[in-house]
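Hydrogens, waters and symmetry mates play no part in the numbers below; they use all other heavy atoms, side chains included. Here is how names work: the chains are called A, B, and so on, in the same order as the sequence lines, proteins then strands, and each is numbered from 1. Note that this is a predicted model, so its numbers are computed, not measured.
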Amino acid sequence: MAMAADQIEALIREAIPDAVVEITDLAGDGDHYAARVTSEGFRGLSRLQQQRAVYAALGDRMGGVLHALQLTTAVPAAEMPVQE
Amino acid sequence: MTDDTQHRLQQLVDSNDVLLFMKGSPLFPQCGFSSRAIAILNHLGVAFESVDVLQDQEVRQGIKAFSDWPTIPQLYVKGEFVGGSDIMMEMYESGELGTLMSEKGVAAA
């Protein structure tokens, strides 16, 4: 069983509409992915809460049809402070 | 998950300062994520116990509900769920995991 990268991205973006999702197929087998998810909505959340949000978006596929997902979450980089 | 499994998991988590639920054993991890988690704990040099979820289907399924976390490995420190291997790696690289271990007074291996 495997899952397509754009399917994973669609599920995440459905739950977290502003998310920037970058997916890498690690083994080229449609079974081992790395995903980097960036969202303003993650601001103020712990890493644990950020990853829980992504897992919630994927539902019970995680650990099922989606075998292995290396997950990184981030908030968008703050704008550079203007120097006085 | 049965009450019995819930009770067993709680007891495991409570009675081990650093506990890793993993696939395989520290010497023979059975998946890349578990292998990475072990490498991190070894680098930190902390004493830890591990539970091989592949040996027990009740534990394998139960721990997911217990932690509300869908994947394995899972790290507990002093009864608190820390996260999976990706969180461990990020916290290790930023130095936070080492800080957490010393703040919690976890013994060196």
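- A:M62 and A:Y33 end up in the same hydrophobic cluster when Ile, Leu, Val, Met, Phe, Trp and Tyr side chains are linked at under 4.5 Å.
- One hydrophobic cluster, built from ILVMFWY side chains closer than 4.5 Å, cannot hold both A:V20 and A:Y55; they sit in different ones.
- Checked by atom type and distance alone, the side chain of B:D86 never pairs as donor or acceptor with a backbone atom of A:T72 at under 3.5 Å.
- With sequence neighbours left out, the ring-ring contact (aromatic ring centres under 6.0 Å, His included) criterion links B:F81 to B:W69, B:Y76.
- Cluster annotation: B:M89 and B:V18 are assigned to the same hydrophobic cluster (Ile/Leu/Val/Met/Phe/Trp/Tyr, side-chain heavy-atom contacts under 4.5 Å, transitive).
- Between atom CG of residue B:D68 and atom CZ of residue A:R52 there is a gap of 4.5 Å, rounded to the nearest 0.5 Å.
- One hydrophobic cluster, built from ILVMFWY side chains closer than 4.5 Å, holds both B:I38 and B:I40.
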Would you give me the side-chain donor-acceptor pairs under 3.5 Å for residues 45-52 of chain B, sequence neighbours excluded?
unit_1 : atom_1 : unit_2 : atom_2 : d
B:D52  : OD1    : B:G24  : N      : 2.9
B:D52  : OD1    : B:L54  : N      : 2.9
B:D52  : OD2    : B:Q55  : NE2    : 3.1

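- Contact tally against chain B (heavy-atom pairs below 4.5 Å) for A:D60, A:L58, A:L71, A:L69: the top residue is A:L71.
- Using a 4.5 Å cut-off between heavy atoms, A:A56 makes no contact with chain B at all.
- Other members of the cluster containing B:L27 are B:F28, with ILVMFWY side chains joined at under 4.5 Å, either directly or via other members.
- Residues of residues 34-49 of chain A placed with any heavy atom under 4.5 Å of a heavy atom in chain B are listed by number as A:R47, A:L48.
- Open room surrounds CG on B:D3; 12 or fewer heavy atoms of other groups in view lie less than 6.0 Å from it.
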